[in-house]
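Below: the structure, in structure tokens.
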Amino acid sequence: MSTPYDPHQVEKDAQRLWADSECFRTTESGDKEKFYCLAMFPYPSGQLHMGHVRTYTLGDVIHRYKRLKGYNVLHPMGWDAFGLPAENAAIKNGIPPARWTRDNIEYMRGQMRALGFGFDWNREFATCDPSYYHWEQWFFTRLYRKGLAYRKNSVVNWDPVDQTVLANEQVEDGRGWRSGALVERREMPQWFLKITDYAEELLGELDNLPDWPDSVKTMQRNWIGRSEGVEIDFPVVGSDEVLTVYTTRPDTLLGATYVAVAAGHPLAAGAAVRDPRVAEFVEACSHTKTAEADIATLEKAGVPTDVTVTHPLTGESLPVWVANFVLMEYGSGAVMAVPGHDQRDWEFATKYGIPILQVIEPAEGEDASACDLSRAAYVPYGRLINSGEFDGLSSADAFGAIADALTAKGRGRRQTHFRLRDWGVSRQRYWGCPIPMIHCPECGIVPVPDEDLPVLLPTEVQFEGVRSPLTTMESFYRTRCPECGGEARRETDTFDTFVESSWYQARFACPDANEPMVDERAKFWTPVDHYVGGIEHAILHLLYARFYHKLMRDEGLLDSDEPWRRLLMLGMVLKDGKKMSKSSGDAGNPQHLIDKYGADAVRTAMMFAAPPDQAFEWSEAGVEGQSRFCRRLWTLVQDHLAEGPVPSLDKEALGADARALRRKTHETLQRADDDYGRRTQFNTVVSAVHELVNAASRIQPANGQDRATVREALRVAVVVLSPIAPHLTQALWAALGGKGLLVEARWPEVDESALIQDRLALVVQVNGKVRGHVEVDAGADEQTAQAAALGEENVARFVDGKTIKKVIMVPGKLLNIVVG
RNA sequence: GGCUGGGUGGCGAAACUGGUAGACGCGCUGGACUCAAAAUCCAGUUUGGGCGACCAAGUGCGGGUUCGACUCCCGCCCCAGCUACCA
């Protein structure tokens, strides 16, 4: 192989070897321990961008490392193929979504092959395959029969010109992105899955996931938002009705000075009929986007109504306001307002001149100056005042006392509340999995029977405007009721695409399973041992998949409690400081880099650029450098081989330079093993290999043992680098006498004896500042080290004339002499 | 607005459990090779001072704990992700 490095030839050769040997095809047999490594499958948007390159290179690195460590590794790939962009492309270019999606998949699969990702392509599927969504429909009918799927009204963004529902990202400044029309909030019936039934388990199980990042667990805990509080009834004056609110601060109940309801609350509707100002306010609220971020950043505003309620403990009358920050979807759509002790209520009360009452004072030992109700609300817990019989109680004691008092009066009850809401799975869109339900005028809602599944999504469609073609396609929606046989209408909503991505990991275990949705192989492979994907999925996708896994477990399809054992959450690859999007186009496309430098250089540069969990701005500058490194390693191996055969290594016969190189070799092996296996930080693996290769190229071999040491260093460098740059290293492995495929090889053992050092360098500090370095025997005690340190001229200069007060020694590292 | 992260040379970063800040690479500067260039190789490269050995300052900003802080604590500024219909 005395040829110059040609990455394209080398990569073609390695990829042919892998294809011919089918080495990435995985089965359930054999005595190796199973390891399921999965990277989040992509939406086939057209071409890979650098975010994909990062995700799939990381997944491939973990997969190849685990193979070297002797595991039976499953590493599949497929396509999250339903979604909005395909419809947008269809509307814009007239290409049917199915064809657009298939073309994109073809192209992106080619790019993945060119990048050398070792996927088991025998397991590939796309979620738009009827053989996949068939089982999603089958499972939904089971959930429906169990009462875990139901229908209720829910608010959507409605574009009155295009007559369609808009996704949050399709609303720009309150207007539809295509029509420019002012968006309206509109209620419509939608399908929901009862994720709240599993809220307690979804929260509790987080404690049993030690290999998840703490940040993700915290985000999920906060999202689920379990709280303990009290539900309180405020009787409506002049009516039999009560207005129910939920609060986690019943200790502040005596400080309530008004009650606020959502614009969508029945009380607000009633008041609007009587008062045009209320009607106007409610109308204005109907144009706010449904996204939480938009509602939360609105300027707080409200109107008073003619409705008053009675305070359940004092009997006083409190006014009812309609406020834009109260959400109908959350809790009961009404809140009690305590402006003295809640900052949002304080701002609202200050704006509208509503009384502010202090009922909590800072507890003993707290900073009393922090409580100044003319400047802000006092939010911390404290001691009750102005609360009648409850005066003097701590907030904690008052919680119980007031809850008991309310319960005794029949005006309240303790309640555990979750922020988590049920999962709305209906989408008024075409390119998704049809919801397998039939609306019969006689029998009501009837699930499609198993024998009629799948409900096929028609692929030959014409888009007229932006509405889902299903709603006007008689051949699709006209059907017969399975129960009475009468004329009925098929559901035209499709599933949220998060449904498909909630169980694909189980389907990869048995992609050809036919009856039921997964078979015994799913129990063999799940849970996924290492899941790799973008941090942007930390809440929704991961939470939905956890929920779905439990649903499948409870159906007897799976036998584990959680889908993902260990998580690697990748930071975003940014473009101009922002998340990459379809609109960044070619800027994120790796194709020209692969064409110019080859896959190994692109992969190495991507791994070298930053640690996996960190977001970073992609720049092509590093690729050239790694391409140079690949060539240098290639040339170094060639030159080494050209010098002829080497004798076998004799550890006892090594000179000082060889011993130093050998220590470097085994240190690199140890460090890389830790970085790959425990830390999942691969940029430092690349650095370590750079260092080893630099050291191996610097040595001037004087004899056979020197050359044998270099050979060992090169072999280690090749194996350690192989998960990252698999093609180049395959060729070098063979050239260095490696047997078989490198992907079938084993990770080398560290020789502990090579790591031992007789003499150690110590840093010497005086008062914490570095003043010199000394070399001592490995076992040297503090006295010996101190004596050696004081022998250093520069150290002595800072110690002379002063008293040594203290000496701190960190064995093998540092000696700090504290003088005064 | 809320939740979760992040901020270190000209640039990407390293420093893992509180122990030499800047490994490794990019870029840049100088040199070798060349008719010349590219490629390659060698040397230098945090800032300020000094011929130099060295000295001082330095990890977003302001405080604190410690023999010792990029790392821990308190307050602030800026950036990113998510925020339930982007995936």
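Hydrogens, waters and symmetry mates play no part in the numbers below; they use all other heavy atoms, side chains included. These numbers come from a predicted model, not from an experiment. In what follows, chains carry the letters A, B, and so on, assigned in the order in which the sequence lines appear, proteins first and then strands, with residues in each chain numbered from 1.
Remark: the E292(A) side chain and the G2(B) base include no donor-acceptor N/O pair separated by less than 3.5 Å. On a pure distance criterion of 3.5 Å, no polar donor-acceptor pair joins the side chain of N222(A) and the base of C3(B). Under 3.5 Å, the side chain of Q765(A) and the base of C67(B) form no donor-acceptor pair of N or O atoms.
Between A14(B), A23(B), G12(B), one nucleotide has an atom nearer to the side chain of E691(A) than all others, and that is A23(B). For R679(A), the listed nucleotide lying nearest its side chain is C16(B); candidates were C16(B), C24(B), A13(B). Side-chain proximity of K578(A) to the nucleotides G81(B), G25(B), G19(B) is greatest for G81(B). The listed nucleotides are U4(B), G12(B), C16(B); the one nearest the side chain of M219(A) is U4(B).
Shown here is K813(A), whose NZ atom has no more than 12 heavy atoms of other residues, nucleotides or ligands within 6.0 Å. For CG of D173(A), the number of neighbouring non-hydrogen atoms (other residues, nucleotides, ligands) closer than 6.0 Å is 12 at most.
Contact annotation for F798(A): backbone-only contact, meaning every heavy-atom pair under 4.0 Å involves sugar-phosphate atoms and none involves a base. No engagement by G571(A) is indicated, since no non-hydrogen atom pair under 4.0 Å with the nucleic acid exists. Nucleic acid contact class of W223(A) (heavy atoms, under 4.0 Å, all strands): base. Using a 4.0 Å heavy-atom criterion, one finds that Q190(A) contacts the bases of the nucleic acid, with or without backbone contacts as well. Residue contacts for L420(A): at a heavy-atom cut-off of 4.0 Å it reaches a base atom on one of the strands shown.
Within the 4.0 Å cut-off from OP1 or OP2 of A56(B), at least one side-chain nitrogen or oxygen of R771(A) is found. Listed pair R628(A) / U40(B) meets the phosphate criterion, a side-chain N or O lying under 4.0 Å from OP1 or OP2. In this model, the phosphate group of A14(B) is approached by a side-chain N or O of N683(A) to a distance below 4.0 Å at OP1 or OP2. A sub-4.0 Å separation between OP1 or OP2 of C82(B) and a side-chain N or O of K579(A) is present. Here Q681(A) reaches the OP1 or OP2 of A15(B): one of its side-chain N or O atoms lies under 4.0 Å away. Phosphate proximity of A23(B) to N694(A): absent, as no side-chain N or O sits under 4.0 Å from OP1 or OP2. For the pair K769(A) and G58(B), the criterion of a side-chain N or O lying under 4.0 Å from OP1 or OP2 is not met. The side chain of R421(A) contributes no N or O atom lying less than 4.0 Å from OP1 or OP2 of A84(B).
With both ends at atom C1', the span from G27(B) to G12(B) equals 11 Å, rounded to whole Å. Taking the P atom of each, U4(B) and A21(B) are spaced 33 Å apart, rounded to whole Å. Separating the P atom of A56(B) from that of G60(B) is a span of 22 Å, rounded to the nearest Å. Nucleotides C11(B) and C61(B) are separated by 15 Å at their P atoms, to the nearest Å. Taking atom C1' in both G81(B) and G31(B), one finds a spacing of 48 Å when rounded to whole Å.
Residues passing the side-chain hydrogen bond (donor to acceptor under 3.5 Å, both in side chains) test with H52(A), sequence neighbours excluded: none.
Salt-bridge annotation for K194(A) and D422(A): absent, with no side-chain N of the basic residue lying under 4.0 Å from a carboxylate O of the acidic one.
The side chain to side chain contact (heavy atoms under 4.5 Å, CB included) with P611(A) is formed by just one residue from the set T680(A), D675(A), T684(A), N683(A); it is N683(A).
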